[in-house]
**Student:** 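Sharing a structure below in structure tokens format, with a few things to ask.
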Amino acid sequence: MMKKHKALYLLMLPGILYYVIFKYVPMYGVIIAFQNFSIGRGITGSKFVGLKHFVEFFVNTPDAWKLIRNTVLLNVYDLLFRFPAPILLALLFHEIRGRRFKRFVQSVSYMPHFLSTVVIAGIMVTFLSQQTGIVNHLLGWFGIEPILFLGLPEWFRTIYISSEIWQTVGWGTILYLAAIAGVDPTLYEAAKIDGANRFQQTRHVTLVGMYPVMIVLFVLTLGHFMETGFQKIILLYNPMTYETADVLNTFVYRRGILSADFSFATAVGLFQAAIGFILVVSANRVVKKFSDTSLW
């Protein structure tokens, strides 16, 4: 069997090595979540303290539940608004008949994906500036006073989710367009014969063909439910917006990297990973029970 598919196994080898070296081997470091880790003593020489850091986070950290609330809310909004956006855009692309126009629109929608997070954050800061931002200039035409968008906690989640949609929606359509391309054309012909209009064809043929991809991506997304793109948050937030912008990942960054409290930060990170693992396993069982599509 190995000899017959030797070329395929060789193609798999770089990916397998990547996950072994950068994903599985570093799991050994999770041990420090249960230690008072000291760089000088190393993992084997540091004192074991059990669940001390977990108790400290949940019981003795005043902002613990605020951090969890902010993380959960950002991810709920992400599922409600960002996750469906590529699906809707892929359906719109599918309905466009002009090839050149379709390619142009697709190219424009893909572009933000290739911009770094720093550039995206810089664009948001520039556009939303209270003095020189184009958004406040447009609001001024309607007689609305300039708004300090990046200094008001109630605006942060809207800004973050909007920037995520803009940056990822185009690239996210690729898998859905591939799924649409795999739909049997005879199904559309049969639907037309039965009198289905364009909307009904989209609903009963196109969307059904996209369901397997939608389910798999949804389950994978749940694996990151307790995480957020902290790089963008760090670039956009400030002490005035901590009330809604401070999440578990930014807290881990400040406590683990800036304050060098590695054991405590690892404990919080392990909590996030455990929740993600439970959600993925649970969601996979549910979708496996009610459909033919699942991760395993």
Side-chain angles (χ1 to χ4, degrees), residues 63 66-93 96 101-174 176 221 224-255 257-258:
D63 294 333
K66 182 187 77 174
L67 294 168
I68 294 173
R69 180 199 68 194
N70 290 343
T71 303
V72 169
L73 283 176
L74 274 180
N75 282 284
V76 167
Y77 294 150
D78 183 81
L79 284 175
L80 289 176
F81 299 106
R82 190 193 64 81
F83 183 79
I87 300 172
L88 297 174
L89 187 60
L91 291 173
L92 291 174
F93 284 158
I96 295 175
F101 180 69
K102 182 177 180 178
R103 289 176 181 174
F104 171 76
V105 175
Q106 283 182 293
S107 299
V108 171
S109 67
Y110 294 163
M111 284 180 185
H113 171 79
F114 298 100
L115 299 177
S116 71
T117 303
V118 175
V119 173
I120 295 292
I123 291 172
M124 299 303 294
V125 171
T126 302
F127 278 23
L128 298 174
S129 171
Q130 188 176 19
Q131 288 78 30
T132 60
I134 188 173
V135 175
N136 274 310
H137 277 303
L138 292 174
L139 292 176
W141 292 352
F142 296 96
I144 301 174
E145 291 295 321
I147 300 172
L148 183 60
F149 288 104
L150 295 174
L152 298 174
E154 60 268 26
W155 276 102
F156 183 83
R157 292 177 185 136
T158 302
I159 293 169
Y160 178 82
I161 297 299
S162 299
S163 66
E164 283 289 290
I165 292 173
W166 175 55
Q167 185 176 6
T168 63
V169 65
W171 190 255
T173 61
I174 292 175
Y176 294 114
T221 300
H224 300 280
F225 190 77
M226 292 302 291
E227 301 176 11
T228 47
F230 78 102
Q231 292 177 331
K232 186 181 292 182
I233 293 178
I234 287 174
L235 293 167
L236 291 176
Y237 81 161
N238 57 71
M240 292 188 293
T241 59
Y242 275 1
E243 183 61 30
T244 56
D246 203 14
V247 295
L248 287 170
N249 279 2
T250 54
F251 176 74
V252 167
Y253 167 75
R254 293 198 304 273
R255 189 71 179 261
I257 304 300
L258 301 185

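Bear in mind the structure is a predicted one, so any value in this text is a computation, not a measurement. For reference, positions follow the sequence shown, starting with 1. Because only heavy atoms are used, hydrogens play no part in the values below, and waters and symmetry mates are left out as well, while side chains stay in.
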**Student:** If I take atom NZ from residue Lys66 and atom OH from residue Tyr242, how far apart are they, to the nearest 0.5 angstrom?
**Tutor:** 9.0 Å
**Student:** Could you tell me the separation between the NE2 atom of His224 and the OG1 atom of Thr221, rounded to the nearest 0.5 Å?
**Tutor:**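 Rounded to the nearest 0.5 Å, the NE2-OG1 separation comes to 7.5 Å.
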**Student:** Could you check whether Tyr237 and Phe156 have their ring centres less than 6.0 Å apart?
**Tutor:** no
**Student:** Please find the pair of heavy atoms, one from Met240 and one from Pro153, that lie closest to each other, and give the distance.
**Tutor:**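 Residues Met240 and Pro153, closest heavy atoms: O-CG, 3.2 Å.
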**Student:** When you compare the side chain of Phe149 with that of Gln130, does any pair of heavy atoms fall below 4.5 Å?
**Tutor:**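 No, their side chains stay 4.5 Å or more apart.
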**Student:** Would a 4.5 Å heavy-atom cut-off, applied to side chains only, mark Ser129 and Asn136 as touching?
**Tutor:** no
**Student:** Could you tell me whether the side chain of Leu74 reaches within less than 4.5 Å of the side chain of Ile233, counting heavy atoms only?
**Tutor:**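 In short, these two side chains touch, coming nearer than 4.5 Å.
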**Student:** Mark yes or no for whether Ser162, through its side chain, and Ile159, through its backbone, hold a donor-acceptor pair below 3.5 Å.
**Tutor:**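 Looks like no, no N/O pair under 3.5 Å.
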**Student:** Check residues 139-148 and write down every donor-acceptor pair under 3.5 Å in which the side-chain atom is one partner and the other belongs to a residue at least two apart or another chain.
**Tutor:**
none

**Student:** When you look at Met226 and Asn75, which way does the side-chain contact (heavy atoms from CB on, under 4.5 Å) test go after all the steps?
**Tutor:** CA-CA 7 Å; Met226 292 302 291; Asn75 282 284; 5.9 Å; no
**Student:** Glu227 versus Asn249: any side-chain heavy-atom pair under 4.5 Å?
**Tutor:**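 Yes, their side chains come closer than 4.5 Å.
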**Student:** Do Glu243 and Glu154 come within less than 4.5 Å of each other through their side chains, counting heavy atoms only?
**Tutor:**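 Glu243 vs Glu154: side chains apart.
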**Student:** Does Leu88 CG have over 12 foreign heavy atoms under 6.0 Å away?
**Tutor:** yes
**Student:** Ignoring hydrogens, what is the shortest heavy-atom contact between Gln131 and His137? Give both atom names and the distance.
**Tutor:** O-NE2, 4.0 Å
**Student:** For a 4.5 angstrom cut-off between non-hydrogen side-chain atoms, does Thr241 reach Asn238?
**Tutor:**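 With C-beta onward as the side chain, the pair touches.
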**Student:** So which heavy atom on Ser163 is nearest to which on Ile120, and how close?
**Tutor:** CB-CG2, 4.4 Å
**Student:** Kindly indicate whether the side chain of Tyr110, heavy atoms from C-beta on, has any atom under 4.5 Å from the side chain of Thr173.
**Tutor:** yes
**Student:** Does Arg254 form a side-chain contact (heavy atoms from CB on, under 4.5 Å) with Asp246? I'd like the steps, not just the answer.
**Tutor:** CA-CA 11 Å; Arg254 293 198 304 273; Asp246 203 14; 2.7 Å; yes
**Student:** Quick check for you: to the nearest 0.5 Å, what is the distance between Thr132 atom OG1 and Phe127 atom CZ?
**Tutor:**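 It is 11.0 Å, given to the nearest 0.5 Å.
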**Student:** Check whether more than 12 heavy atoms from other residues, nucleotides or ligands sit under 6.0 Å from atom NE2 of His113, and answer yes or no.
**Tutor:**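 Yes - once you tally the heavy atoms of other residues, nucleotides and ligands closer than 6.0 Å, there are more than 12.
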**Student:** At what distance, to the nearest 0.5 angstrom, does CD1 of Ile161 lie from OG1 of Thr228?
**Tutor:**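 Between Ile161 CD1 and Thr228 OG1, I get 9.5 Å after rounding to 0.5 Å.
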**Student:** Going through the checks in order, is the side-chain contact (heavy atoms from CB on, under 4.5 Å) test met by Phe93 and Val105?
**Tutor:** CA-CA 8 Å; Phe93 284 158; Val105 175; 3.3 Å; yes
**Student:** For Phe230, which of Leu235, Thr250, Thr71 qualifies under side-chain contact (heavy atoms from CB on, under 4.5 Å)?
**Tutor:**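 That would be Thr250.
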**Student:** What's the separation between atom CD1 in Ile165 and atom CG in Leu89, rounded to the nearest 0.5 Å?
**Tutor:** 11.5 Å
**Student:** Any side-chain heavy-atom pair from Arg157 and Asn70 closer than 4.5 angstrom?
**Tutor:** yes
**Student:** Take Tyr253 and Leu248 through the test side-chain contact (heavy atoms from CB on, under 4.5 Å) and record every step on the way to the result.
**Tutor:** CA-CA 9 Å; Tyr253 167 75; Leu248 287 170; over 6 Å; no
